[in-house]
Amino acid sequence: QEDQFKKVLSHAKEYGYVFQSSEIYDGLSAVYDYAQNGVELKKNIRDYWWKAMVQMHENIVGIDASILMHPTTWKASGHVDAFNDPLIDNKDSKKRYRADVLVEDYCAKIEGKIEKEVKKAAKRFGDAFNKEEFLATNGRVLGYQEKINTILGRLGKSLENEDLADVKALIEELEIADPLTGSKNWTDVKQFNLMFGTKLGASADTAMDLYLRPETAQGIFVNFLNVQKTGRMKIPFGIAQTGKAFRNEIVARQFIFRMREFEQMEMQFFVKPGTQKEWYDTWKETRLKWHLSLGMGADNYRFHDHEKLAHYADAAADIEFKFPFGFKELEGIHSRTDFDLKAHEEHSGKKLQYFDHAENKNYVPYVVETSIGLDRMFLAVFSTSLQEEELENGTTRTVLKLPAVLAPTKAAILPLVKKDGLPEIARKIVDDLKWDFNVSYDEKDAVGRRYRRQDANGTPFCITVDHDTLNDNTVTIRHRDTMEQKRVAISELRDIIKEEVDV
Ligand code: ATP
């Protein structure tokens, strides 16, 4: 797994997908730049989401709200008071950690022991091995599981009750050591707000303290009535938005999985109070279908229903994805009640209510939201698509099997040789296809090497112009995944590519 993750990192850099930000200055931790191919993949994912959410739903419209918002927004939303991580410092190493993550990592190690037991037993019992039964009945495994439950249960309670002294006590009782130095000399646990602050205005005494938004959702809530009125929207309806969000994350690791500056794709769906459960179930199902439509394997997804709910929610679930480092949250679906709109009513003194003609009354709608990280989705797509294949001739090839609809370049046009008029024909094909798709031209190296380069780049089609083309206007089209080659007329190319890359 670790190996696969390393390959993902180096491939993302080598093929121009993701670079570390300000790399010449040794980078900035947990901040990344999307490179020439990455920006296309990211845009295609965003478009695929937008199409499914906005274009395909008559009752969902989009907005693009600002990153900077009136500071009272974050008081109302609860972010000023409650958007915190519990931090602990090690007195010897002077390193800072998230206290809850130290405990969770400790539990992950116990989880590793369970996995080892499962592997051992599977080997011993062979075909007769039943994993479910083993997990439910094996004494040692049950012991481990109980230990994990006890620890996480206590952690959850202490955090909920703001009992930070108990979080520290838990770390000491478990004898958790600094992962880097092994020291067990800890400070007290303190809450740390994740929002980035900034200032509006030039003069020191009149400048206003602002925050960079930590989520895009609030831009939708404060615009709720403007959109509803001007768009004459009838409940149930949704407002969608994609855009940057900022969080001063302390555990900044796992590449673009957890960034300090990232992009969200969110949709807030406004419903009649009392119908939220139905809509919550509907959106859970709809969003999973969206993921499955990309064909990245149903086994890579699972739901995680939350037992412990945020202050604003009456139901919440994550769609988890199997990243190279295990199943982790990719998207959240939350039933947010009327918490946000009511809070904004209270803090702004303005009514944020909907007049329901059928019911002949005003009410504050309930909200069901779907919230997915664009960068996490990028990592999900990229890491799953990166594969190494053994070929029949004993060699291996690296191929980035991106869903064709998301691939940065749809086709590469390759003249077999750099003479005899073949480059000119290839250029003409490029000029013709570029109106419809991103295509590229490549004449360097032997054609086999060019195929490999395009495979690794994720390009679904290679189109080769050879000497026969001069006689009959046909070319070879090679499919990235099957490596099958077919002879087709130049005039058919557009339709063949369209068939594969259109949704
Ligand atoms: P986590 O528990 O992983 O910190 P979260 O529950 O705080 O995530 P939400 O506030 O629900 O996340 O945000 C919605 C989505 O935004 C997440 O499902 C994730 O895909 C994305 N996201 C959140 N934080 C980050 C981050 N630091 N970097 C990249 N994506 C993020």
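Counting starts at 1 for both ligands and their atoms, in listed order.
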message = At less than 4.0 angstrom from any non-hydrogen atom of H334, what atoms of ligand 1 do you find?
response = 11 (O)

ask   = Cationic tip of R287 within the cone over W290's six-membered ring, i.e. under 6.0 Å and within 45° of the normal?
value = yes

task = Go through the side-chain N and O atoms of E266 and S371 and say whether any donor and acceptor fall under 3.5 Å apart.
result = yes

key: Residue pair S29 / R260, side-chain donor-acceptor N/O under 3.5 Å   = yes

query = If we only count N/O pairs under 3.5 Å, is L330 in contact with ligand 1?
reply = yes

ask   = Regarding D166 and S158, is there a side-chain donor-to-acceptor distance under 3.5 Å anywhere?
value = yes

request  = Could you tell me whether the side chain of N223 and the main chain of G219 form a donor-acceptor pair under 3.5 Å?
outcome  = yes

request  = Within a distance under 4.0 Å of any heavy atom of E331, pick out the atoms of ligand 1 and give their elements.
outcome  = 18 (O)

ask   = Looking at E249, which atoms of ligand 1 are within less than 4.0 Å of one of its heavy atoms?
value = 24 (N), 26 (C), 27 (N)

inquiry  = For the 3.5 Å polar cut-off, considering only N or O atoms, please tell me whether R376 and ligand 1 meet it.
reply    = yes

query = Which of the listed options, G373, A217, S371, A380, holds the heavy atom that is closest to atom 21 (C) of ligand 1?
reply = G373

Top protein contact for atom 17 (C) of ligand 1, by heavy-atom distance = E329 OE2, 3.3 Å

ask   = Relative to F262, does R376 satisfy both conditions: NZ or CZ under 6.0 angstrom from the six-membered ring centre, and within 45 degrees of the ring's axis?
value = no

Over-ring placement of K284 relative to F303, 6.0 Å and 45° cut-offs = yes

E266 N/O under 3.5 Å from ligand 1 N/O = no

query = Going by distance only, is there an N or O of M259 that falls short of 3.5 Å from an N or O of ligand 1?
reply = yes

